[in-house]
Amino acid sequence: RHQLAVEFLGDSITAGYQALAPRGATEDGPRWEDVFKTWAAILAKAWGTNNWRSVAQSSIGVLPHNSFGMNFKAMKDQFLCSEL
C-alpha cells in the first residue's frame, strides 16, 4: 500500500513558534519551536501518514511586510522555488 507523502510550507505557525514556551514567556527563538506540535503534524496524523515534512521559518510571511520597523521578505522571495 502506498502511503501519502505531504510537504507543508509555512511561516511561524507552521514552524511551531512558541509551541514550547511557558505561559507568559517574553523570550523567543528556535529553542521554543516544535514542528511536531503544529497544525501540519496534526493534519498529517489525521491523514494517517508518517511521510511528511515541513519547510517553515519564523518571521516570514506569504506576503512581504513591515513589522517592528523592519522589512520582511515574502516567502516567494526567500525560498526561490518556481512553484511558489
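Taking the side chain to side chain donor-acceptor pair (under 3.5 Å) definition, one finds that T38 meets it with nothing, sequence neighbours left out.
Using the six-membered ring where Trp is involved, F36 and W52 have ring planes that are perpendicular, over 60° apart on the 30 and 60° scheme.
Applying the side chain to side chain donor-acceptor pair (under 3.5 Å) definition to pairs two or more places apart or across chains, those involving residues 5-14 are E7-R53, T14-W39. Among residue pairs with one or both ends in residues 34-49, none qualify as salt bridge (charged side-chain N to carboxylate O under 4.0 Å, His left out); sequence neighbours excluded.
Residues F8 and I13 share a hydrophobic cluster, clusters being chains of Ile/Leu/Val/Met/Phe/Trp/Tyr side chains in contact below 4.5 Å.
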Just list the side-chain donor-acceptor pairs under 3.5 Å for residues 16-26, sequence neighbours left out, or say none.
from	atom 1	to	atom 2	distance (Å)
Y17	OH	D28	OD2	2.9

